[in-house]
Amino acid sequence: MGQCFSDTASLTDFVNKPGVEDKQLTAQDINRGLDLTAKHLKGKKKQITVVAVGGAINTILLRSRASTADVDFFSIDTVNNPVLRDGIKSAAKTMQLGEGWMNNHTALFIPPNTTANIYNEAIRDGVVVFDKPGLKVVAAPWMYCLVAKLEKAGKRGNAKSYDMSDAAQYLIQESKRRGAKIKVADIQAKAKAYGVKVQEAQIKELKALCGGYMEG
């Protein structure tokens, strides 16, 4: 769900917080919403790239989930905040959704000193979730997705039943990208680099789910 913009106040004011939607978004819903947002941006002569995190990736790209509650994203573009917000609102109105259907609340959980690095890494990796004139959405780096999801899975009261399954999907994608098994030490090192805390219990559970893609 991140600092995508210049300060915490601008982040919380950017769009509605998640958790207010009463509709689960399917891949078709997400594609339609992003398409409408892209058309709005194109009409304003804008081309914006954002980084997706979480369930939208599993739903629209990996197809490992039938639906998700919202589209979590972050960016480092502060200039185009207003036009992007208006595009999201316009899509929400057309689709009869709450404005939080696409939100940057995830920015609040990304350490500010790592935001630009994660964004740039996502751009380099180039895992495209959506790409139309006006708007491009790329997936966050698989290792960031993995450790962020493992951290969430370990938080009592915040974890969801699908968290570990999502994490397993991210691990598999990273293993395929490298053409090698992922070392536990590498997961722990990446968690530290990204400012994320991963507990041993979640590492063990991950091994139980997809140990064939891990070593160490």
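- Counting all heavy atoms, side chain and backbone alike, G33 lies closest to W101 at C-CH2, 3.4 Å.
- Closest approach of T37 to G87, counting heavy atoms only: OG1-O, 3.6 Å.
- For Y213, there are no side-chain hydrogen bond (donor to acceptor under 3.5 Å, both in side chains) partners two or more places apart in sequence or in a different chain.
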Check step by step if side-chain contact (heavy atoms from CB on, under 4.5 Å) holds for V50 and M102. CA-CA 11 Å; V50 301; M102 182 175 179; 4.3 Å; yes
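- Across S75 and T115, no two heavy atoms sit closer than the pair O-CG2, 4.5 Å.
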Cut-off 3.5 Å, no hydrogens considered: what does the side-chain donor-acceptor table look like for residues 126-136, sequence neighbours left out?
from : atom 1 : to  : atom 2 : distance (Å)
K132 : NZ     : D35 : OD1    : 2.9

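- Looking at E99, its side chain never comes within 3.5 Å of a backbone N or O of K89 through a donor-acceptor pair.
- You'll find the side chain of R32 reaches within 4.5 Å of the side chain of M95, heavy atoms only.
- For K155, the side-chain contact (heavy atoms from CB on, under 4.5 Å) partners at least two apart in sequence or on another chain are E151, N158.
- One distance of note links CG of L41 with CG of L36; it measures 11.0 Å at 0.5 Å rounding.
- With a 4.5 Å cut-off on side-chain heavy atoms, T59 and L25 do not count as touching.
- Residues N104 and D72 fail the side-chain proximity criterion, which asks for heavy atoms closer than 4.5 Å.
- Contact annotation: the side chain of L146 approaches that of L206 to within less than 4.5 Å [non-hydrogen atoms, C-beta and beyond].
- For Y144, there are no side-chain hydrogen bond (donor to acceptor under 3.5 Å, both in side chains) partners two or more places apart in sequence or in a different chain.
- Scanning for salt bridge (Lys or Arg N to Asp or Glu O under 4.0 Å) contacts around D29 gives K23, with sequence neighbours left out.
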Let's go through F109 and K152 carefully: what are the C-alpha distance in whole Å and the side-chain angles of both, what is the deciding distance for side-chain contact (heavy atoms from CB on, under 4.5 Å) to 0.1 Å, and is it a yes or a no? CA-CA 10 Å; F109 305 101; K152 181 173 176 286; over 6 Å; no
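- By the side-chain contact (heavy atoms from CB on, under 4.5 Å) test, L62 is found to be paired with I57, N58, S64, W142, Q169, Y170, Q173, residues two or more places apart in sequence or in another chain being considered.
- Under the 4.5 Å side-chain criterion, counting only non-hydrogen atoms from C-beta, M164 is in contact with L150.
- The side-chain contact (heavy atoms from CB on, under 4.5 Å) test applied to R124 returns N120, E121, not counting sequence neighbours.
- For the residue pair A92 and G98, the shortest heavy atom distance occurs at CB-O, 3.8 Å.
- Annotation: salt bridge (Lys or Arg N to Asp or Glu O under 4.0 Å) contacts involving residues 192-204, sequence neighbours excluded, are absent.
- Listed for the T94 side chain is a donor-acceptor partner under 3.5 Å among the backbone atoms of S90.
- In this structure, the side-chain contact (heavy atoms from CB on, under 4.5 Å) partners of K181, at least two apart in sequence or on a different chain, are E215.
- Residues D163 and Q202 fail the side-chain proximity criterion, which asks for heavy atoms closer than 4.5 Å.
- Residues satisfying the side-chain hydrogen bond (donor to acceptor under 3.5 Å, both in side chains) test with S165, not counting sequence neighbours, are none.
- Sorted by first and then second residue, the pairs that involve residues 164-180 and meet salt bridge (Lys or Arg N to Asp or Glu O under 4.0 Å), not counting sequence neighbours, are R65-D166, K149-D166, E174-R177, E174-R178, R178-D186.
- A heavy-atom distance below 4.5 Å is not found between the side chains of T68 and I60.
- A donor-acceptor contact shorter than 3.5 Å is absent between the side chain of N80 and the backbone of V83.
- Within the structure, no pair that satisfies the ring pair (Phe, Tyr, Trp, His ring centres under 6.0 Å) test touches residues 51-70, not counting sequence neighbours.
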Could you walk me through whether V137 and F73 pass side-chain contact (heavy atoms from CB on, under 4.5 Å), step by step? CA-CA 9 Å; V137 182; F73 76 95; 6.0 Å; no
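- Counting all heavy atoms, side chain and backbone alike, T114 lies closest to A193 at CG2-O, 3.7 Å.
- Hydrophobic clustering (ILVMFWY, side-chain heavy atoms < 4.5 Å, transitive): Y162 and V71 are in distinct clusters.
- S67 and Q24 get closest at one heavy-atom pair: OG-OE1, 3.3 Å.
- No donor-acceptor distance shorter than 3.5 angstrom exists from the side chain of K207 to the backbone of G212, with no hydrogens or angles considered.
- Annotation for Q47: atom CD counts as buried by contact number, over 12 foreign heavy atoms lying within 6.0 Å.
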